[in-house]
Amino acid sequence: MGGVLRAELMWVEAFTGLRMDRFVKLVEVVREQGGNGPGGGRPWCLPLADRVVPVAVYCRTNLTMRQLAPLFGISPAAVCRVIQRLRPLLALEPAPRPVADVDRLWIVDGALIPVRDRSVGTSSRNYRVSANVQVIIDADTRLVIASARPAPGSKADAHVWRESDLPAAAAGTTVIADGAYLGTGLIVPHRRRAGRPLLRGQEGDNAEHRRVRARVEHTFARMKNWKILRDCRQKGDGLHHAVQAVATMHNLALAG
């Protein structure tokens, strides 16, 4: 049975959520990371662009390998090999450091991503086995700056932040967060204490804080358009690679 989906305008935009010019940039990212290099075995039956399509479609739709195989005219095992080989190459590029005389505002937040691998996730407050995934975005551009490796979903956001490499990535930059990051040195809302209502100025500060911090919530909502972040079936580093790949495609879709 011949494959249906190819790296063509109609299929790319309908199944990956990326415009064709963005998809071309995604292929270039994979090529620069060595995705078209020798694999040590038989040559691939599909060119690089047609191999990037299954990776993007898999992240976007979360279809199984058996469902993807007939769409591309290859076996489920070949689809699995393509995804395992290329998805790590879509990793988010390290964020450039802000220019010294330019003030940048970053926002951090965590989300619970349902997973099947119990070595990655734990039973969490969403009543599912989930992992805590934290990302930093730029408040002005809404681009994802960095993401931490997934942590068990039962861990508090502040603990995940301290144990991740995000503090080093955000060193020297103003970062805001919600009240779950109290005591981390980040800018968090004023805390209301029993019998001590907030002052009017503090209420205004909290309102502005919520308005700006909502941008990271919107970013998570857009990232979850790639349905692999709604129920990740991958084991081991699969979720980490999926988050990195989705962040890369989100940035391409947003900024080109």
Side-chain angles (χ1 to χ4, degrees), residues 5 15-17 26 29-30 33-35 37 39-42 44-46 48 51-72 74-94 109-136 144 146-157 159-161 163-166 220 222-250:
L5 300 188
F15 282 86
T16 69
L26 183 66
V29 169
V30 176
Q33 296 294 327
R42 291 192 308 171
W44 294 102
C45 61
L46 298 175
L48 180 60
R51 280 183 278 133
V52 175
V53 175
V55 182
V57 171
Y58 176 65
C59 292
R60 186 75 177 187
T61 65
N62 205 23
L63 294 173
T64 65
M65 308 301 171
R66 292 182 62 185
Q67 292 169 327
L68 289 172
L71 296 177
F72 296 94
I74 55 179
S75 68
V79 174
C80 184
R81 286 195 298 271
V82 168
I83 292 174
Q84 296 298 332
R85 171 74 175 89
L86 296 186
R87 189 178 53 193
L89 304 183
L90 272 64
L92 187 67
E93 295 182 357
D109 199 9
L112 293 177
I113 306 297
V115 294
R116 306 290 182 90
D117 187 355
R118 289 182 176 269
S119 67
V120 176
T122 59
S123 296
S124 308
R125 62 181 180 271
N126 62 352
Y127 305 105
R128 300 185 63 180
V129 175
S130 303
N132 186 329
V133 174
Q134 297 194 358
V135 302
I136 297 176
V144 178
S147 67
R149 296 189 68 86
S154 58
K155 280 194 172 184
D157 285 344
H159 292 169
V160 177
W161 166 266
E163 295 172 0
S164 72
D165 57 356
L166 294 184
F220 270 125
R222 293 189 185 97
M223 290 177 67
K224 287 186 178 180
N225 286 332
W226 281 270
K227 291 187 169 108
I228 194 172
L229 298 187
R230 298 185 184 184
D231 182 17
C232 184
R233 297 186 297 270
Q234 296 292 304
K235 296 181 179 180
D237 287 335
L239 176 59
H240 179 59
H241 293 156
V243 172
Q244 293 271 302
V246 168
T248 298
M249 290 187 285
H250 163 79

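Once rounded to the nearest 0.5 Å, the distance linking CG of Leu166 with CD1 of Ile136 reads 4.5 Å. With rounding to the nearest 0.5 Å, the separation of CE in Met65 from CD in Gln84 is 6.5 Å. Note: Ile113 CD1 to Phe220 CZ = 6.5 Å, rounded to the nearest 0.5 Å. Of the inter-residue distances, the one linking Thr248 atom OG1 with Leu90 atom CG reads 6.0 Å to the nearest 0.5 angstrom. A distance of 8.5 Å separates OG of Ser119 from NZ of Lys235, quoted to the nearest 0.5 Å. To the nearest 0.5 Å, the span separating CZ on Arg125 from CG on Leu112 amounts to 4.5 Å.
Shown here for Ser123 and Arg118, the closest heavy-atom pair between the two residues is OG-NH1, 4.4 Å. Summarising the geometry of Pro150 relative to Ala131, their closest heavy-atom pair is CB-CB, 4.0 Å, with the distance given to 0.1 Å. In plain terms, the two heavy atoms of Arg116 and Asp231 that are nearest each other are NH2-OD2, 2.7 Å. Taking all atoms of both residues into account, the shortest heavy-atom contact from Val79 to Ala69 is CG2-CA, 3.8 Å. Taking every heavy atom of both residues into account, Gln134 and Gly110 meet most closely at CG-CA, 3.8 Å. Nearest heavy atom pair, residue His240 against residue Ala148, reads ND1-O, 4.1 Å.
A heavy-atom distance below 4.5 Å is found between the side chains of Leu86 and Leu89. Within the 4.5 Å cutoff, no side-chain heavy atoms of Val53 are placed close to those of Phe15. You'll find the side chain of Leu68 reaches within 4.5 Å of the side chain of Ile83, heavy atoms only. Residues Arg60 and Asn225 have side chains in contact (heavy-atom distance under 4.5 Å, counting atoms from C-beta outward). The shortest distance between side-chain heavy atoms of Phe72 and Val82 does not fall below 4.5 Å. In this structure the side chain of Arg87 reaches within 4.5 angstrom of the side chain of Ile228, judged on heavy atoms. By the 4.5 Å heavy-atom criterion applied to side chains, Met223 and Val144 are counted as neighbours.
Between the Thr122 side chain and the Pro152 main chain, no donor and acceptor come within less than 3.5 Å of each other. Counting only distance, with no hydrogens or angles, the side chain of Asn132 and the backbone of Ala151 share no donor-acceptor pair below 3.5 Å.
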**Q.** From CA spacing to verdict: side chain to side chain contact (heavy atoms under 4.5 Å, CB included), Lys155, Glu163
**A.** CA-CA 11 Å; Lys155 280 194 172 184; Glu163 295 172 0; 2.7 Å; yes
Q: Could you give me the CA-CA distance, side-chain angles and deciding distance for Thr61 and Lys227, then say whether side chain to side chain contact (heavy atoms under 4.5 Å, CB included) is met?
A: CA-CA 5 Å; Thr61 65; Lys227 291 187 169 108; 5.8 Å; no
Q) Yes or no on side chain to side chain contact (heavy atoms under 4.5 Å, CB included) for Val120 and Gln234, after CA distance, side-chain angles and deciding distance? A) CA-CA 10 Å; Val120 176; Gln234 296 292 304; over 6 Å; no
Q: Evaluate side chain to side chain contact (heavy atoms under 4.5 Å, CB included) for Leu229 paired with Val133, printing each intermediate quantity in order.
A: CA-CA 10 Å; Leu229 298 187; Val133 174; over 6 Å; no
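Contacts of Asn62 classified as side-chain hydrogen bond (donor to acceptor under 3.5 Å, both in side chains), with partners at least two apart in sequence or in another chain: none. The salt bridge (charged side-chain N to carboxylate O under 4.0 Å, His left out) test applied to Arg149 returns Asp237, not counting sequence neighbours. Partners of Ser164 by side-chain hydrogen bond (donor to acceptor under 3.5 Å, both in side chains), not counting sequence neighbours: none found.
Around the NZ atom of Lys224, the shell of radius 6.0 Å holds more than 12 heavy atoms that belong to other residues, nucleotides or ligands.
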